[in-house]
There are 2 protein chains.
Amino acid sequence: MNKPCAQHAHPHRLVQQSLTELTDKLRARDRKITAPRQAVLDVLRRHAHPLTNREIHAALGKADCDLATIYRNMHTLESMGLVKRYDFGDGTARFELVQGEGDPHHHHLVCRHCHTIIEVEDCFPTELEQRLAARHGFTEVSHQLEFFGVCPRCRRDGAASVP
Amino acid sequence: MNKPCAQHAHPHRLVQQSLTELTDKLRARDRKITAPRQAVLDVLRRHAHPLTNREIHAALGKADCDLATIYRNMHTLESMGLVKRYDFGDGTARFELVQGEGDPHHHHLVCRHCHTIIEVEDCFPTELEQRLAARHGFTEVSHQLEFFGVCPRCRRDGAASVP
DNA sequence: TTCCATTTGCAAATGGATTGCAGCACCGGG
DNA sequence: CCCGGTGCTGCAATCCATTTGCAAATGGAA
């Protein structure tokens, strides 16, 4: 709670939940098991990094479904705690599957040029968060933290990666 | 650099720069001193918290100018380092005047209901930032951190403040 | 005062996200 | 196994922050 957490924890977040498990979670919450929903969960399941709704939509092959449906489902899944929303400050939300109950939230290190994403297991702010809550009488406190920079590759290639 | 910084630092960020000083900064960077620009700076100068472009626009009284002009100027001022952009995750950017050279960036604690903003002087992540940069070979690293919660007043009033 | 690059106002265009609505599908009860 | 109600979906329209094209207006150096 006060420590820098795992130093060199999982370099990649691996798929840990089967589609069946995820489906069960839907069922447990009285949500209908629909094709679009399963397709979305399956896409998220096989990606280690946050995806935008558009990326999810593109990743759906033949299971294609309406973008609006994806937007709606992401809200649903988020409120159910199955996915977590991240904001990289570029105006589009990104979603990642939550790995079970005690999955501690994490942060990201994003390349400003090629948008490569590195998962960051460390998390300091929680401590600060407690202090702030106490000092200002706030409740239900949470925080959002992301890191930005230029990755080794983009630095080498010059800033010509993404205009 | 490794410490939690000031514990009970300035509860409010005060106006520290005169309009003249700000204007001089524009001049120093070969920017034209125009009415809209001065008006915007003056509005920011007299507000202790981040403002959205729309709020700035509304705050301009007779000095009214086009919203697009404000958007363009905020980009300019940001690239000049005169203002800093903040993202509270609600889809609209907010800007705050940077208090001179060594003004250490800071963060905010925002009420999810009434959107009250509390300036947070503490800043931990810089340390983590260094570690991340080193570990992954990233350069020009920066971070963005904001806290969210429910303020004492909104908790009392029930979640009826903002729909 | 003159000239030109920078700015501005206005209107149209973008792009992510949301919503109204009618039709379809999941799934518990019969 | 079939039926009906509630929840979902597709589609199109809409919202809203932000951006952009363009011609006219304006700083400010010569």
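Within every chain, numbering begins at 1; the chains are lettered A, B, ... in the order of the sequence lines, protein sequences first and strands thereafter.
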**Q** Decide side-chain contact (heavy atoms from CB on, under 4.5 Å) for B/H106 and B/C123; before the verdict, give the C-alpha distance in whole Å, the side-chain angles of both, and the deciding distance to 0.1 Å.
**A** CA-CA 7 Å; B/H106 58 277; B/C123 173; over 6 Å; no
**Q** Can you confirm whether B/H49 sits close enough to B/E119 that some side-chain heavy atom of one is under 4.5 Å from a side-chain heavy atom of the other?
**A** yes
**Q** For A/L67 and D/dG10, give me the distance from atom CG to atom P, rounded to whole Å.
**A**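 Distance check: A/L67 CG to D/dG10 P gives 10 Å.
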**Q** Can you confirm whether the side chains of A/T69 and A/R37 place a donor and an acceptor under 3.5 Å from each other?
**A** no
**Q** Any carboxylate oxygen within less than 4.0 angstrom of a Lys/Arg side-chain nitrogen, looking at B/E96 and B/K84?
**A** no
**Q** Ring centres of A/F148 and B/H143 under 6.0 Å apart?
**A** no
**Q** Roughly how many Å is it from NE2 in A/H57 to P in D/dT9, rounded to a whole number?
**A**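 Roughly 13 Å, once rounded to whole Å.
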**Q** Do A/R94 and C/dG16 share a donor-acceptor pair, side chain to base, under 3.5 Å?
**A**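 No, no donor-acceptor pair under 3.5 Å.
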**Q** With the 4.5 Å side-chain cut-off for hydrophobic clustering, are B/V110 and A/L145 part of the same group?
**A** no
**Q** Strictly by salt bridge (Lys or Arg N to Asp or Glu O under 4.0 Å), give each pair with a member in residues 21-31 of chain B just once, sequence neighbours left out.
**A**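 Found B/D24-B/R27.
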**Q** Whole angstroms only, please: what is the CE-P distance between B/M74 and C/dT7?
**A** 15 Å
**Q** Which residues within residues 25-37 of chain B lie with some heavy atom under 4.0 Å of an atom in DNA chain C?
**A**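 When residues 25-37 of chain B is checked for heavy atoms under 4.0 Å from DNA chain C, the hits, listed by number, are B/R31, B/K32, B/T34, B/P36, B/R37.
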**Q** Nearest-Å distance, CD (A/Q38) to C1' (C/dA25)?
**A**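 In whole Å, C/dA25 C1' and A/Q38 CD are 13 Å from each other.
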**Q** Quick one: A/N73 CG to C/dT18 C1', roughly how many Å, whole number?
**A**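 Rounded to the whole Å, the gap is 14 Å.
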**Q** To the nearest Å, give me how far apart CG (A/D66) and P (C/dC21) are.
**A**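 Interatomic distance, CG of A/D66 to P of C/dC21: 18 Å.
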**Q** Please report the distance, rounded to the nearest Å, between CZ in B/R72 and P in D/dC22.
**A**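 My rounded result for the distance is 13 Å.
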**Q** Any idea which of D/dT18, C/dG20, C/dT8 is nearest the B/N53 side chain?
**A** D/dT18
**Q** Please compare B/I70 and A/H75 by the position of their nearest nucleotide in DNA chain C and report the one closer to 5'.
**A** B/I70
**Q** Mind listing the N/O atom pairs, protein and nucleotides 14-17 of chain D, below 3.5 Å?
**A**
residue: D/dA17; atom: OP2; partner: B/R54; partner atom: NE; Å: 3.4
residue: D/dA17; atom: OP2; partner: B/R54; partner atom: NH2; Å: 2.9
residue: D/dA17; atom: O3'; partner: B/G91; partner atom: O; Å: 3.3

**Q** Under the side-chain contact (heavy atoms from CB on, under 4.5 Å) criterion, do A/Q38 and A/T34 qualify, and how do the steps go?
**A** CA-CA 6 Å; A/Q38 284 198 298; A/T34 67; over 6 Å; no
**Q** With under 30° as parallel and over 60° as perpendicular, where do the rings of A/F88 and A/Y86 fit, or are they tilted in between?
**A** tilted
